[in-house]
Every structure is written in C-alpha cells, then in structure tokens.
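Take a look at the structure set out below.
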Amino acid sequence: MVFDKKNISSYCLLLVLLVGMSVPAHAGHREAPARGIYQLPEIFGTITDFFLSRGQMSEKHIRLFEEVAQQLQIEHRGIKLRNSGFLLRLFPVDLRFLFNYLSILSYRLEGYYGIRSHQSLNRVYLNEDWLNQMTDEQKRFVIAHSLTHHSQDHGFMREVVLWILSHIVNTLRASYVSKNQGRLISLAQMVCIMQLFQKLEHYSDEQAAELAYCPPVHLAAVVKSLYYPDAEDAPWYARLQMFAKKAICTITSLPIIKSFVAYRSMHDRAAHVSGVKDDLVLI
C-alpha cells in the first residue's frame, strides 16, 4: 500500500473520529448528549478535552450551566462545560493570530481564567477557581455570556466574515492596488474585524445581563475582574499575563485606539451591563 499525504491525513481523521466515539463520557453528573449535526463537533471536543481541560467541573456548576442552556433553548446541542487547562490559561491570544498583527489587538482579556467558547468543539471552558469566587448570580452572567456565543452562532459568523474579508483583501492587494493602498485596505480590514468582535461581545453582555439575577454593581465587579484579576495566588506565567494585560488595557482604552481592539474598555463594558440591568429594573 502506498502512503501519500492525502492517505495519511484521511487515516488520521478516521483515527480521531474512532477515538472520539470510543472515549467514555465525562465522569460524575450525566450530561445531556449532543443531537443531530452537533454530534460531529462533540467528537472533536471529546478528543481536545485531553489537552484543553483540567480535572472535572463540580456538579453544581454543570447544573447551573445546563439551566442557562435551557433558558437559551440550546439544550439539544449538548454543549459541555469544562474546567480550562494549562494550555488555555497559558496563551492569552488566539493561536491563529500568534504571529500576526492581530496578536496584541486580539489579546484575550480572560488571560489566566482560560475562558473559551468553542462552537467547533461544542465546548465552553471556564476556570473553576475563578467561578468559586463568585456568587451564583455572577456565575450565571459569565455562563450566559459564553452560551450566548453558541446560541447566536457567533463562532461560525466570525469565521465566515474573516474568510470573506481575507479573500477580498488578498485579491485587491494582489491585483488592483499599490503597496500603500494595500496597507490602507489591511487597516480597514483590521477595523472591520475588531468592530465585529466588539459587537458580538456587546450583544453577549446584554443577553447575559438580562439572565443574571443580581444587582448592577455585582455585574460590574465581574467585568472588572476580567480586566484586572486578583494575582495574589497566581502562578508566575499568570502574573506575567496580568502585568501585560494592565499595560495593554491602559493603552487600548484611549479614545482612538479602542476602535482597533477586540474588546471595549473596562469602564465602557461595566457601564453597559450595569445600564442594561438598571433598565430591566425600571421596566
């Protein structure tokens, strides 16, 4: 039998699928199974749990997670909650942008918390140590924010827009424009991407604020902890992340620069979620 690159890739994919289907379910609380088209990402999510998760989430957090999923009417997707592992906590940037100009601009505010919502893996990864510091209402806000990305298909939406913009920009730069015009087009592409990221986060904050049964000041405290977490008991790499985060957040909160980053400033987001909650109380 002749093994070429195409055959090897096919065999590797088949091996991943077989292993994913044979891995036992997460121990402890019996989680809802994925149904329909969501079974495929569930297989890949089961595989990546070995690399991206650490230990098990407590049953109380899993039950709260499932309750919020029911409120958003996405329980049929069987999305799983996992405790974020070392790799997710180590890299504060999206690995796709690691050596790209977007690496700093897409700097993940979650940092050491290792928060990720992966539609392609049917997973939400959260740091249980961080959750244990919150009230149940604050946990609900964080979980609802992550699940809103799933319910509104933000992950797929992001990938489609990135693909379209990249295709348009590459075509223009290769055929129709000068080098300086190409730089301006790339700058416009970056602004569009970051504005999209901000809009998706903005929408998820709104939905989460509506589902969280807690005072506005508590929601603002959760947002603040994302930008300026408590570093007293954090490992050395987390301390470095937090130091870098403070410097980056200071720069990216400036009036013009904040349009070029993936997240709004802490004060803007805290004021927004508090305002949403105040409006609901008035209603």
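When a residue number appears, it is its place in the shown sequence, counting from 1.
- Using a 3.5 Å distance cut-off with no hydrogens or angles, the side chains of H149 and Q119 do not pair a donor with an acceptor.
- Not a single donor-acceptor pair under 3.5 Å links the side chain of S204 to the backbone N or O of E201.
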Exercise. Under the side-chain contact (heavy atoms from CB on, under 4.5 Å) criterion, do L126 and F65 qualify, and how do the steps go?
Worked result: CA-CA 11 Å; L126 296 175; F65 182 84; 5.6 Å; no
For this session: Give the C-alpha distance, both sets of side-chain angles, the deciding distance and a yes or no for side-chain contact (heavy atoms from CB on, under 4.5 Å) between L147 and Q207.
Result: CA-CA 10 Å; L147 283 176; Q207 296 299 305; over 6 Å; no
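- Each of Y203 and M194 belongs to its own hydrophobic cluster when Ile, Leu, Val, Met, Phe, Trp and Tyr are linked at side-chain heavy-atom distances under 4.5 angstrom.
- Neither side chain, R82 nor Y125, offers a donor N or O lying under 3.5 Å from an acceptor on the other.
- The backbone N or O of Q39 sits nowhere less than 3.5 Å from a side-chain atom of N122 that would complete a donor-acceptor pair.
- Aromatic rings from H150 and H154 are positioned such that their centres are separated by 6.0 Å or more.
- Residues V142 and W130 meet the side-chain proximity criterion, which asks for heavy atoms closer than 4.5 Å.
- Here the side chain of T48 pairs a donor or acceptor atom with the backbone of G45 at under 3.5 angstrom.
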For this session: Begin from the C-alpha positions of T46 and R123 and carry the test side-chain contact (heavy atoms from CB on, under 4.5 Å) through to its verdict.
Result: CA-CA 9 Å; T46 303; R123 293 289 186 272; 3.5 Å; yes
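- Counting heavy atoms from C-beta outward, H118 and P41 have side chains that stay 4.5 Å or more apart.
- Hydrophobic clustering places I193 together with L200 (ILVMFWY residues linked when any side-chain heavy atoms are closer than 4.5 Å, directly or through intermediates).
- Interatomic distance, CG of L64 versus CG of D136, reported as 6.5 Å (0.5 Å rounding).
- A distance of 11.0 Å separates CG of D268 from CG of D205, quoted to the nearest 0.5 Å.
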Problem set entry | Residues R140, E67; criterion salt bridge (charged side-chain N to carboxylate O under 4.0 Å, His left out); working and verdict | CA-CA 9 Å; R140 185 183 294 273; E67 180 184 331; 2.9 Å; yes
For this session: Please assess K80 against D49 for the test salt bridge (charged side-chain N to carboxylate O under 4.0 Å, His left out), listing each intermediate value before the final yes or no.
Result: CA-CA 10 Å; K80 306 299 189 299; D49 282 345; over 6 Å; no
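- For A270 against V223, the heavy-atom pair with the smallest separation is N-CG1, 3.9 Å.
- Placement of I164 and L172 within a single hydrophobic cluster is found when ILVMFWY residues are connected by side-chain heavy-atom separations under 4.5 Å, directly or transitively.
- Taken from CG in L165 to NE2 in H167, the straight-line distance is 11.5 Å, to the nearest 0.5 Å.
- Residue M57 holds its CE atom at 15.5 Å from CZ of R63, rounded to the nearest 0.5 Å.
- Shown here for A209 and V273, the closest heavy-atom pair between the two residues is CB-O, 4.1 Å.
- For the atom pair CG of D129 and CZ of R54, the computed distance is 6.0 Å after rounding to the nearest 0.5 Å.
- Between A212 and F141, the closest heavy-atom pair is CB-CB, 3.7 Å.
- The closest donor-acceptor contact from the side chain of N83 to the backbone of E128 lies under 3.5 Å.
- Although no hydrogens or angles enter the test, the distance criterion places a donor-acceptor pair under 3.5 Å between the side chain of S117 and the main chain of S146.
- Residues H145 and T148 have side chains that never bring a donor and an acceptor to within less than 3.5 angstrom of each other.
- To the nearest 0.5 Å, atom CD of residue E66 and atom CG of residue L81 are 9.0 Å apart.
- Ion pairing between a basic and an acidic side chain is recognised when a charged N comes within 4.0 Å of a carboxylate O; E42 and R77 show no such pairing.
- Cluster annotation: L52 and L40 are assigned to the same hydrophobic cluster (Ile/Leu/Val/Met/Phe/Trp/Tyr, side-chain heavy-atom contacts under 4.5 Å, transitive).
- Under the 4.5 Å side-chain contact rule for hydrophobic residues, I168 and V160 share a cluster.
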Exercise. Are V68 and L72 close enough, and set up right, to give a side-chain contact (heavy atoms from CB on, under 4.5 Å), and what steps lead you there?
Worked result: CA-CA 6 Å; V68 176; L72 292 171; 4.2 Å; yes
